[in-house]
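Working notes for the structure below.
Worth knowing before you read on, the calculation uses all heavy atoms, side chains too, and leaves out hydrogens, waters and symmetry mates. All residue numbers refer to positions in the sequence shown, counting from 1.
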Amino acid sequence: MKRILIRNANIVNEGKIMQGDLYIKEGLIFAVGGDLSGHTADIAIDADGKYLLPGLIDDQVHFREPGLTHKAEIYTESKAAVAGGITSYMEMPNTVPQATTLELLEDKYDLAAKKSLANYSFYLGATNDNIDVIKQVNPETICGVKVFQGSSTGNMLVDNPDSLEKIFRYSPVLIATHSENDQIIKDNLEKYRKEYGDNIPPRLHPDIRSWKACYDASKTVVDMARMYGSKLHVLHISTGKEVLLFDKDLPLEEKRITAEACVHHLWFSDEDYEAKGNFIKWNPAIKTSEDRKEILKGVLDGHIDVIATDHAPHTLEEKSNPYLSAPSGGPLVQHCLPALLEMYHNNQISLEQIVQKTSHNVAILFEIEKRGYLRPGYHADMVLVDLEDSWEVNRENVLSKCGWSPFEGQTFHSKITHTIVSGHLAYENGTFHEDRKGQRLKFSRNV
């Protein structure tokens, strides 16, 4: 592999920003800090004061392959991710077929080995009747088990209380949950159907998939995890009330119950439905500006441990349907880091906190082997950003296969210039170098 020397960077790592160099050899970080110009390099990058961050590790994406490739593919979405500074991702099981057996899961790993420009891992999907499969998971090779409490794309709903209990009792790996109470949602939907028929406006999405539906389901799994000592990770917290279900005082290494916030819940609010409609329709729903404020507060004070995307593309045609037939989800991997950097410019979050929540903490929480930090001996995953290079999101520069973004028309003041994946310069000022693919993530867990 090529030796890479990055000079004159502002290195953001482990709660500090320092000026210096970074040297990569044989795919690993060899040295960090100070003047490293004496090292021989095949590729030399003069950062010229730009900011060097660990690559983002996105613990929740939907890349739609196999079976839904009219929306997205591992290749196209990993490409968008790399352009967005995401060097590793963990992908969800609600593809076609659903990844609910170890054989089907390995098929996805085989696809990624051939196609993914970023590093990768895949969740095993839980069902009401695959507990015997879950018990066989190797904790060192699979990121986790995904449980849908609320129906979503693919409708992999675990709605049998006995099945849910067995998953929490016996899963050998982290359990990641989509926590919404399906019955509350159905009751709310029926109420609005009576009022609006089939013409329900998108602005009612957060009333249908309400705060109560989210809180009730999150509390259920938190209580169950406490009962069984399970390792639980509750995805995409969307309400302020849920935030306080989680502990902010324990060190992350000691937590058994953790939470994730997604960039769309930190950026948008219900005030945006009028302009964007179904294009910000996610499950769980984007809710009030007060919820947004409380979620950000939870991120900053430690109640919420990581920031991710829940990248979930659908076609423009699908999202243009009326509310009831428009699917939930949208593309976010390309624009997550620029959006967080915009929040930094607005004094909402620091660069050190962005790195902590998108890289360090994800590595700690999932016990990922030698990633998430800019440390000697670690895999060389990193992103170089120019904090003063403005650009506008439009359909011409969207890289996801679906061809649209909820951020269209937004001007970001920061631009990603280089992304290095496992020691390979994968992205450079708009150009992709695709001769090497990403690597399968490994986990340093007690088996």
Side-chain angles (χ1 to χ4, degrees), residues 1-2 4 6 9-14 17 22-24 27-30 32 43 45 47 50-61 63 77-91 112 116-121 143 263 306-309 311 332-341 344 351-387 399 414-429 432-434 436-443:
M1 293 189 70
K2 292 181 178 177
I4 303 173
I6 302 172
N10 287 300
I11 300 169
V12 188
N13 190 50
E14 304 196 56
I17 301 176
L22 186 144
Y23 183 62
I24 298 165
L28 302 177
I29 298 169
F30 186 81
V32 183
I43 299 172
I45 300 168
K50 298 182 182 71
Y51 286 74
L52 187 66
L53 286 58
L56 279 68
I57 306 171
D58 193 341
D59 74 355
Q60 186 186 184
V61 303
F63 282 179
E77 306 317 291
S78 68
K79 189 174 182 177
V82 165
I86 293 170
T87 54
S88 301
Y89 62 85
M90 303 176 206
E91 207 264 354
S116 181
L117 301 188
N119 307 312
Y120 50 87
S121 190
C143 55
V263 65
V306 303
I307 300 173
T309 66
H311 174 91
L332 283 169
V333 288
Q334 186 180 351
H335 303 120
C336 174
L337 181 55
L340 293 175
L341 293 173
Y344 157 75
L351 295 176
E352 297 93 326
Q353 288 166 325
I354 291 172
V355 166
Q356 190 73 47
K357 298 294 179 172
T358 61
S359 300
H360 299 342
N361 279 8
V362 193
I364 294 168
L365 197 160
F366 285 85
E367 299 172 271
I368 302 170
E369 187 176 288
K370 292 188 176 180
R371 297 189 193 271
Y373 291 86
L374 301 180
R375 290 175 176 169
Y378 272 56
H379 296 283
D381 298 328
M382 61 198 71
V383 53
L384 192 64
V385 298
D386 187 337
L387 294 181
L399 293 170
S414 303
K415 182 178 286 184
I416 292 148
T417 63
H418 299 71
T419 305
I420 296 172
V421 178
S422 295
H424 169 63
L425 180 58
Y427 177 79
E428 180 182 17
N429 293 313
F432 293 89
H433 304 292
E434 302 182 21
R436 296 186 73 92
K437 300 299 185 282
Q439 298 177 358
R440 180 170 180 165
L441 298 180
K442 296 180 181 178
F443 305 90

Does the [X] side chain pair with the main chain of [Y], one donor and one acceptor, at a distance under 3.5 Å?
| X | Y | result |
| --- | --- | --- |
| H424 | K437 | no |
| H418 | A47 | no |
| T309 | L332 | no |
| T419 | V383 | no |

Find the distance between [atom1] ([X]) and [atom2] ([Y]) and round it off to the nearest 0.5 Å.
| X | Y | atom1 | atom2 | value |
| --- | --- | --- | --- | --- |
| I420 | I4 | CD1 | CD1 | 4.0 Å |
| I57 | T87 | CD1 | OG1 | 6.0 Å |
| E14 | L374 | CD | CG | 8.5 Å |
| I6 | L425 | CD1 | CG | 8.5 Å |
| Q60 | C143 | CD | SG | 11.0 Å |
| L351 | I17 | CG | CD1 | 5.0 Å |

(message) Show every salt bridge (Lys or Arg N to Asp or Glu O under 4.0 Å) that has at least one partner inside residues 51-60, sequence neighbours left out.
(response) none
(request) Begin from the C-alpha positions of L387 and Y344 and carry the test side chain to side chain contact (heavy atoms under 4.5 Å, CB included) through to its verdict. (result) CA-CA 10 Å; L387 294 181; Y344 157 75; 3.9 Å; yes
Can you name the nearest heavy-atom pair linking [X] to [Y], along with the distance?
| X | Y | result |
| --- | --- | --- |
| G372 | A363 | CA-CB, 4.1 Å |
| V333 | E77 | CG2-O, 3.8 Å |
| S88 | L441 | OG-CD2, 3.7 Å |
| L340 | I354 | O-CD1, 3.4 Å |
| F432 | L117 | CD2-CD1, 4.3 Å |
| I416 | G85 | CD1-N, 3.8 Å |

Decide yes or no for [X] and [Y]: does some side-chain heavy atom of the first lie under 4.5 Å from some side-chain heavy atom of the second?
| X | Y | result |
| --- | --- | --- |
| L337 | T358 | no |
| H360 | V355 | yes |
| I368 | M90 | yes |
| L53 | V385 | yes |
| Y373 | I29 | no |

Residues that [X] engages under side chain to side chain contact (heavy atoms under 4.5 Å, CB included), provided they are two or more places apart:
| X | value |
| --- | --- |
| S422 | N119, R371, D381, Q439 |
| K415 | D389, W391 |
| K357 | V299, I307, N361 |
| L28 | H379 |

(request) Could you walk me through whether S116 and Y89 pass side chain to side chain donor-acceptor pair (under 3.5 Å), step by step? (result) CA-CA 10 Å; S116 181; Y89 62 85; 2.9 Å; yes
(request) Under the side chain to side chain contact (heavy atoms under 4.5 Å, CB included) rule, what do V32 and N13 come out as? Steps first, then yes or no, please. (result) CA-CA 10 Å; V32 183; N13 190 50; 5.7 Å; no
(message) R440: which residues meet the side-chain hydrogen bond (donor to acceptor under 3.5 Å, both in side chains) condition with it, sequence neighbours left out?
(response) E106
(request) Could you tell me if the ring centre of F63 sits under 6.0 Å from that of Y120? (result) no
(request) Count the heavy atoms belonging to other residues, nucleotides or ligands that lie under 6.0 Å from CZ of R375, then report whether that count exceeds 12. (result) yes
(message) Please determine whether side chain to side chain contact (heavy atoms under 4.5 Å, CB included) holds for the pair S121 and F443, giving the CA-CA distance in whole Å, both sets of side-chain angles, and the decisive distance to 0.1 Å.
(response) CA-CA 10 Å; S121 190; F443 305 90; 3.6 Å; yes
